[in-house]
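Letters A, B, ... mirror the listed sequences (proteins, then strands); counts begin at 1. From a predicted model like this one, the values you see are computed outputs, not experimental measurements.
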2 protein chains.
Amino acid sequence: MTTKKATIKDVAREAKVSIASVSRVLNGLGGVTAETQDAVRKAAAHLHYVPDSAARSLITGRTHTIGAVLPDLYGEFFSELIRGIDLAARARGLHLLVSSSHDGVEDATAAVRTMRGRVDGMIILSQFVDGEFLDRNLPSDLPAVLLDSPVDNPRYPSINIDNIAGAQAMVKHMLDAGHESVAFITGPAGNYDAQEREKGYRAAMAQHAPKAPLQIITGDFTEESGYRAGRELLAQARRPRAVFAANDMTAVGCLYAFKEAGIRVPEDIALAGFDDILIARYVSPSLSTVSVSIADLGKSALLLLTELMEGKGPQGSNTRTLRCDVVVRESCGAHQTNVATKHPPALV
Amino acid sequence: MTTKKATIKDVAREAKVSIASVSRVLNGLGGVTAETQDAVRKAAAHLHYVPDSAARSLITGRTHTIGAVLPDLYGEFFSELIRGIDLAARARGLHLLVSSSHDGVEDATAAVRTMRGRVDGMIILSQFVDGEFLDRNLPSDLPAVLLDSPVDNPRYPSINIDNIAGAQAMVKHMLDAGHESVAFITGPAGNYDAQEREKGYRAAMAQHAPKAPLQIITGDFTEESGYRAGRELLAQARRPRAVFAANDMTAVGCLYAFKEAGIRVPEDIALAGFDDILIARYVSPSLSTVSVSIADLGKSALLLLTELMEGKGPQGSNTRTLRCDVVVRESCGAHQTNVATKHPPALV
DNA sequence: CTGAAAGCGCTAACAT
DNA sequence: ATGTTAGCGCTTTCAG
């Protein structure tokens, strides 16, 4: 029955009441007799009436939509993140407007600005966004939560992955497994996660293997960079016994470099990554890694955002940290059973 | 400088012109002197003015937003799909509203209905959506394109993956490689892609190995189902020499069942999947598969949708089919170099 | 309990 | 070339 657009007036006429009553009924505001209710509901159903959200937004100032600004939509991380956000959002009756593919300040600015008026709140993950940026581009009454950001602005709470602790735990694990030193392959320079993971590596080395020299190779989170780093590592005079890569893709690339050179993992060199992407389970040997519940990150962000939207300012600290867990598989040479314990989602 | 909400009136006042002139300048409608232009732009910039999209939508009837209704956001397929849609959308200045996680007719209905008025067009991928559904739930003037759908409704064009041809090509490839018969692991019963792939399998067998008996095991696109199917296959009196799974995850599960049983792939049994997910490249042996350019699917959908939105009815056929390509890796035993040829995106 | 009426911020006639 | 004005569909006082 191909629906045309019926307005509130049409419903009012059909129900023989005023538009005000229609509005009251449809918004459950009460103050209407059962008969009026009935008439309105019948008329609305009959006409397939759906309120115009633009008109409603115009007057209420609410859109029931939240915006997600991300650098990209590519890969497991963002996929999971959006999924977590979406799940939590629709559970609260909120729509999700996504904006991605911005790799510069201008793009980020445009993304944030064009969302103004279209959303009631924003979740932002971007290395180009800082407190000053937000103050300049966001209306003061538009709540926003930052993901994976060093920003510490009282107005914009942020949720971060506990990269430092995760990296530290993994390095300690490898050290404990008997490898006297661990080499590290970094992520891209500007990336906050990458920086934190390196910090964790350094901290763990300083604490648990203070005499061992630090071997740090530059990578950029890509498989290719891992491959190059792997070759570089093999070419060194002092070939490492264990390697910790800043993320899984890098570790996988490194693994291929080792395989190609006939180096056995973990017998000759132990290896570990970070993220616990799906592939980690499937490479041979399976990759030990640090797992992050990305969907929980998205969910937490949305929850925090809705609190903000309801006026509850972030109580106490405005920065939350999401726990990471070491997942021991074959590549790190700790010879354990291959079953990664399922940890419940948890905010530290 | 924490922006408050400036309206068109504020800009008009600041620029000492009428709101009409402001509108004209900001919408590039011409009929304004350079001076007015200047004054308006300065004022707008100064006040950080951003037009209220709700108000604009209310009067123009356009939202510059397109909606994507998907069953889920999980996994590579949807991630890539959204990415393709998003890329094409933002290239045209369109926003993307996503809605997912509906696995029932009610959910789908709610998703589609709540998007009414919020979007200028929709891209829908759902097994619960058919022509009748759309006629009942979509305003007649809201364009929509269907993905992976058997619906053949002149009002709703659809874009499909050429599952039949892809499956057929893969089965033929395996047959040509010397395996006299190929077993098949199906996907979930209600899934359109899965059905088409099975059709392709049957067609290829009928054409190229008419005397070989058909071995068909039930699966459901999950790794577990593939694992079970693999064990089932091994338990059979007539152990197959080649297995084609309806998707990659199933093939991976099957691969693990074989490994566990000490069966070598491809020496003892050849194996192939469908989708070319990232993992396919990383399992050992690497998985031969049928590749689909999912991002292109999303892009094509958006392009088709914008044509519709611009009033160009779909000329000629209203169903397009996206080509698939056989990717030969190690698991199918065709001993070729491991380099998958890069095909340009192409609509058949 | 219900209806009339005033806008929300903007665009698009219609005047000037 | 510029300004005035009438709504777009809806919520929300404010009267009755």
Do [X] and [Y] have side chains that get closer than 4.5 Å, going by heavy atoms?
X	Y	result
V145(B)	S158(B)	no
F133(A)	I124(A)	no
L304(A)	R320(A)	yes
L81(A)	L70(A)	yes

**OP:** Remember a base hit wins even if backbone is also touched, and classify T36(A) as base, sugar-phosphate or nothing at under 4.0 Å, heavy atoms.
**Re:**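 Answer is sugar-phosphate: T36(A) comes under 4.0 Å of backbone atoms only.
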
**OP:** Rounded to 10°, tell me the angle between the two end axes of the helix from dC1(C)-dG16(D) to dT16(C)-dA1(D), each built from five pairs.
**Re:**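 Answer for the end axes of this duplex: 40°.
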
**OP:** Would you give the length of the straight line joining atom CG of L73(B) to atom CZ of F78(B), rounded to the nearest 0.5 angstrom?
**Re:**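 Going from CG on L73(B) over to CZ on F78(B), the span is 8.5 Å.
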
Subject >> Gap separating the CG atom of L305(B) from the CD atom of E307(B), nearest 0.5 angstrom >> reply: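 Those atoms lie 9.5 Å apart.
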
Original post:
For residues 15-28 of chain A, which residues have at least one heavy atom under 4.0 Å from DNA chain C?
Top reply: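 Here the set is V17(A), S18(A), A20(A), S21(A), R24(A).
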
Subject >> Listed once per pair and sorted, the salt bridge (Lys or Arg N to Asp or Glu O under 4.0 Å) pairs that draw on residues 50-62 of chain B, sequence neighbours left out >> reply: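 Those involving residues 50-62 of chain B are R62(B)-D120(B).
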
Subject >> salt bridge (Lys or Arg N to Asp or Glu O under 4.0 Å) partners of residues 24-51 of chain A, not counting sequence neighbours, each pair once >> reply: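 Found D38(A)-K42(A).
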
Subject >> Whichever of I59(A) and Q37(B) has its nearest DNA chain D nucleotide further upstream toward 5' >> reply: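 With I59(A) and Q37(B) compared, the 5'-side residue is Q37(B).
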
Original post:
What are the 5'-most and 3'-most nucleotides of DNA chain D lying under 4.0 Å from any heavy atom of chain B?
Top reply: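 The protein-touched segment is dA1(D) to dG9(D).
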
Original post:
Does R83(B) pair with D86(B) as a salt bridge, N-O distance under 4.0 Å?
Top reply: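 No salt bridge links R83(B) with D86(B).
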
Original post:
Does a salt bridge link K5(A) with D141(B), judged by any charged N lying under 4.0 Å from a carboxylate O?
Top reply: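 Salt bridge flag = no for D141(B) with K5(A).
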
Original post:
Counting N and O atoms only, with roles assigned by atom type, does the side chain of D10(B) sit under 3.5 Å from a partner on the main chain of A6(B), one being a donor and the other an acceptor?
Top reply: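 It does not hold such a pair.
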
Subject >> Any donor-acceptor N/O pair, S23(A) side chain to I19(A) backbone, under 3.5 Å >> reply: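 Such a contact is absent between S23(A) side chain and I19(A) backbone.
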
Subject >> Exercise: do R118(A) and T65(B) side chains pair donor with acceptor under 3.5 Å >> reply: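 There is such a pair (donor and acceptor under 3.5 Å, judged by atom type) between the side chains of R118(A) and T65(B).
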
Original post:
Going 5' to 3' on DNA chain C, which nucleotide is the first and which the last to come under 4.0 Å of a heavy atom in chain A?
Top reply: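 Using the under 4.0 Å cut-off, the span is dC1(C) to dG9(C).
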
